[in-house]
Protein chains: 2
Amino acid sequence: MVTLKQLAKELNVSISTVSKALNNSEEIGEETVRRVKELAELYNYKPNKVALSLKQNKTKTIGVIIPNILNHFLAKVLFGIEREATKLGYHIITCISNESLEKEKESLQLLANGSVDGFILCVAEETQIKNEVEHFKTTISQGLPIVMFDRVAHDVMCDKVIVDDFDATYNATKGLLKEDRKKIAFLSNIEDLSVGKLRERGYAKAVLEENRQEPLILKINKNDDQQKNIRSFLKKNKDIDGVIAADSSSGIIAINAAVNLGKKVPKDISVIGFASKSDAIHAFPRLTTIRQHAKVIGAETAQMLIHRLENMDLKEDVKTKIVKTSVVKNDSTLN
Amino acid sequence: MVTLKQLAKELNVSISTVSKALNNSEEIGEETVRRVKELAELYNYKPNKVALSLKQNKTKTIGVIIPNILNHFLAKVLFGIEREATKLGYHIITCISNESLEKEKESLQLLANGSVDGFILCVAEETQIKNEVEHFKTTISQGLPIVMFDRVAHDVMCDKVIVDDFDATYNATKGLLKEDRKKIAFLSNIEDLSVGKLRERGYAKAVLEENRQEPLILKINKNDDQQKNIRSFLKKNKDIDGVIAADSSSGIIAINAAVNLGKKVPKDISVIGFASKSDAIHAFPRLTTIRQHAKVIGAETAQMLIHRLENMDLKEDVKTKIVKTSVVKNDSTLN
DNA sequence: CTGAAAGCGCTAACAG
DNA sequence: CTGTTAGCGCTTTCAG
C-alpha cells in the first residue's frame with residue numbers, strides 16, 4: 001500500500017501538503033493539487049483505514065453478535081444490517097454467540113478494545129434463561145452503545161427494535177377463530193425465548209377470550225425429533241382443526257404431517273406459522289405465514305445505532321421501535 | 001478506554017515501563033510488574049486494537065465476501081469460518097455481494113485499505129457468468145491473499161476449497177440406478193453456477209454410461225414459481241421414478257409434489273437432493289441428502305488463509321483442497 | 001532495571 | 001500557499 005509519505009517524497013513536497021491536497025483543502029495551490037491527485041490516482045492511493053481510526057478515535061465498524069446464523073430470520077436481519085451499514089459507510093464485524101452466554105460475553109469483551117464503535121445484538125438463549133445483563137451494562141458504560149433486536153433484555157437501558165409478537169399470534173389465532181375452527185393448537189420449539197413466551201400468550205389470550213377451548217400447546221425441545229413429535233401430536237388429537245406455529249419449522253412440518261395423516265389442508269385443518277417466503281414453499285399447500293420483516297428490522301437497528309454513534313454528544317434518550325408483523329395469506333388457511 | 005499513558009502517569013513510571021511490564025518483559029522488576037498489573041486489572045485495561053494494528057501492520061481481521069447469506073449452505077460455511085477464525089484469534093468482517101459483480105468489486109476495494117489482512121470469498125453469480133477475474137488478481141497483487149470456496153475462479157492463482165460436485169451427483173445417480181430406476185430426472189435452479197454445471201455433468205455421465213435413458217433435465221429460473229414448475233414437470237413426465245436435485249429446495253419440493261400427485265415415496269419415486277439436515281425434515285418422508293459439510297469447508301478456508309497470512313515469507317504454492325460430500329440416507333430412497 | 005525516542009499513517013493547528 | 005510539529009496508542013531499540 002502506498003502511503004502519503006511515499007507520494008510526498010516522489011513529489012518533493014511535505015506529507016501534509018499531500019494530505020491537504022487530497023482532502024481538497026483550500027490552502028493548496030491548484031497546480032499542486034493536480035500533481036498530487038494524479039500521482040495518487042496512478043498509485044491507487046487509499047488512506048490507511050487503521051491510521052484514520054487511530055487518529056479519529058472511531059472505526060466506522062459495528063460489532064454484530066448473532067446467536068445463530070443458521071436461523072433464517074436472524075440471517076435475514078443480518079442481511080438487512082449489512083446492507084444498511086454499508087450504505088451508511090460502516091463495516092460489520094460478525095460474531096456468533098451460538099446461544100451461549102459465555103461466547104456472548106467473550107465477543108463483547110474481544111471487540112470492546114477499539115475494534116468497533118458500537119454493537120448490534122440479539123440476546124443469546126442462555127443469557128435469557130439465566131437473565132444475565134451485567135455484561136451489557138458494562139459495555140454501555142464503557143461508551144459503546146448497544147442496539148438490541150428481537151430478543152431483548154428489558155433491564156438494560158439501550159435502543160431496541162422488537163416485533164409485536166403478542167399481537168401477531170393473537171391476531172393470527174383470531175383469524176382461525178373466524179374460520180370457525182374449534183380446536184386450535186399451538187406448536188413451539190422456542191419456549192425458552194422471550195419472543196416464544198409472548199407468542200404463546202397472544203395465542204392463549206385469543207382462544208380464552210372467545211371461551212371456546214382451553215389452550216392446547218405442544219412444546220418441543222431442541223433435541224427432540226420434531227417431525228415425529230408433531231405427527232404423533234396431531235394423531236393423538238384428531239380433532240385439531242387449526243395450528244399456530246411459533247417457530248420457523250413447526251408450521252411446515254405440521255402441514256406435511258397433516259397431509260400425510262390423510263387430512264385436507266386447509267379444509268380440515270388450517271395452519272399459520274412464522275416463516276419466510278422461501279421456507280413457506282417447502283410445504284404443500286404453501287404455508288400461510290406471519291412475516292416479521294427481518295430486513296426492515298436489520299435496517300432499523302443499523303440506522304438507530306449509527307444515528308446514536310454520530311450524535312453521541314446529544315445524549316438522546318433510548319428508544320424502542322416496534323416493527324409490525326404482517327400475515328401473508330398462502331394456501332394453508334381459508335381466508 | 002484506559003491507555004498506557006494514564007496508567008504510567010498514575011504509577012509515576014514511563015509508558016514503556018508499563019508496556020513492558022504488561023508484556024512480561026524480563027527487563028522489569030518484579031515489584032513494578034506487580035504494581036502495574038494490579039492497576040491495569042483494576043482499570044480493566046485492554047491494549048487498543050487499532051494502535052496495535054497500525055504498529056504491527058496487520059489487523060488480525062479477515063474480509064469475508066459471501067454472495068447470499070440466506071442460502072443455507074453459504075450461511076453454514078460462514079458459521080464455520082467464524083468459528084475457526086475466532087479460535088485462531090481473528091475477527092471477520094462480512095460483506096454480502098448479493099451475487100453482484102459490482103458489489104463484489106466494491107467490497108474488495110473497500111477493505112483493501114488496511115482494514116483486513118486477507119479475504120475469503122465465494123464468487124458471485126454475475127461474476128461467474130461474465131467470467132471477470134481482474135479484481136481478484138489486483139487484490140492479490142496488492143499483497144492481500146484470497147481463499148476461494150465452492151464457486152471458484154479457475155483462472156486466479158489462489159488457495160481454494162471446493163466440493164466434489166461432479167462425483168457427488170455421479171454417485172448419487174448411480175445409487176438410484178442400482179435401485180433399478182428407469183427414468184431419473186435432474187432438477188436445478190443453479191444452472192448458471194460452476195457447481196451447478198458440474199452437478200449436471202455428474203448426473204448425465206451416470207445415466208448415459210448405463211445406456212438406459214437420455215438425461216431428463218428441468219432447469220428452473222430464479223424468478224419462476226418453483227413449486228408449480230416442479231409439480232407440472234412431474235405431472236407431465238409420469239414415468240419419472242427417480243430425482244436428483246442440484247439445489248437446496250428442489251428435492252424437498254419434489255417430494256411434496258410427488259406425494260401430492262398420489263405417488264408413494266420412495267416406492268414409486270426416489271429423491272436425492274443437496275440439502276442440510278434442518279431442511280431435510282421439511283419433507284415427508286425425509287429427503288435423502290447429499291451433504292456438503294459446509295462447516296468443514298468454512299473451517300478449512302479459514303485455516304488455509306490464516307496459515308498463509310502467518311507464513312507470508314514462505315511464499316508457498318497455492319493449494320486446492322477438495323472436501324468430499326457424503327450421502328445421508330433418509331426416507332426418500334430405498335437404499 | 002527504567003526511560004527517552006522513534007515510528008506505524010494520518011490530520012490539523014500553527015508558523016512561516 | 002507550503003511546511004513543521006504534535007499527537008492518536010502502542011512496541012521496541014537504544015541510552016542511561
Side-chain angles (χ1 to χ4, degrees), chain A residues 1-37 39-40 43-61 89 111-117 142-144 312, chain B residues 1-37 39-40 43-61 89 111-117 142-144 312:
Chain A
M1 281 195 32
V2 211
T3 64
L4 288 185
K5 202 177 180 178
Q6 291 163 45
L7 295 179
K9 192 169 165 196
E10 192 144 339
L11 290 163
N12 271 317
V13 294
S14 76
I15 294 178
S16 56
T17 301
V18 179
S19 171
K20 287 172 188 162
L22 290 174
N23 290 307
N24 296 313
S25 161
E26 299 295 316
E27 302 179 35
I28 306 296
E30 233 176 81
E31 168 64 7
T32 315
V33 169
R34 203 188 45 69
R35 282 178 58 225
V36 170
K37 287 201 169 172
L39 198 72
Y43 284 161
N44 189 24
Y45 168 81
K46 276 174 280 173
N48 183 303
K49 188 79 188 310
V50 176
L52 278 179
S53 297
L54 181 61
K55 179 81 188 159
Q56 309 180 333
N57 196 27
K58 55 184 179 187
T59 58
K60 292 271 225 168
T61 302
L111 293 175
N113 59 359
S115 294
V116 301
D117 297 341
Q142 287 171 356
L144 292 165
M312 284 290 252
Chain B
M1 281 194 33
V2 210
T3 65
L4 288 185
K5 203 177 181 178
Q6 291 164 46
L7 294 180
K9 192 169 165 197
E10 191 143 339
L11 290 163
N12 271 317
V13 294
S14 75
I15 294 177
S16 52
T17 301
V18 178
S19 171
K20 286 173 189 164
L22 290 174
N23 290 307
N24 296 312
S25 161
E26 299 295 316
E27 302 179 37
I28 307 295
E30 235 176 78
E31 169 64 7
T32 315
V33 170
R34 203 189 46 68
R35 282 177 58 223
V36 170
K37 287 200 171 172
L39 198 71
Y43 283 162
N44 188 24
Y45 167 80
K46 276 173 280 173
N48 182 304
K49 187 79 187 313
V50 176
L52 278 179
S53 297
L54 182 61
K55 180 80 188 161
Q56 309 180 334
N57 197 27
K58 55 185 180 185
T59 58
K60 293 271 226 166
T61 302
L111 293 175
N113 59 358
S115 294
V116 302
D117 296 341
Q142 288 172 357
L144 291 166
M312 285 290 253

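Below, chains carry the letters A, B, ... as their sequence lines are ordered, and counting in each starts from 1. Predicted model, so just to flag it, every value in this text is computed and none were measured.
At distances below 3.5 Å, at least one donor-acceptor pair connects side-chain atoms of B:N48 with backbone N or O atoms of B:V50. Side-chain atoms of B:N113 come within 3.5 Å of backbone atoms of B:S115 as a donor-acceptor pair (strictly under, hydrogens ignored). In terms of modelled atom types and a separation under 3.5 Å, the side chain of A:K49 and the main chain of A:T59 share a donor-acceptor contact.
Between the CZ atom of B:R35 and the P atom of C:dC1 there is a distance of 15 Å, rounded to whole Å. As a whole-Å value, the separation of A:K49 NZ from C:dT11 C1' is 16 Å.
B:N44 is listed as a side-chain neighbour of B:K46, based on a closest heavy-atom distance under 4.5 Å.
Between the CD1 atom of A:I28 and the OG atom of A:S19 there is a distance of 9.0 Å, given to the nearest 0.5 Å.
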Protein-proximity profile, nucleotides 2-9 of chain C, B/S/- by nucleotide at the 4.0 Å heavy-atom cutoff, equals BBBB-BBB
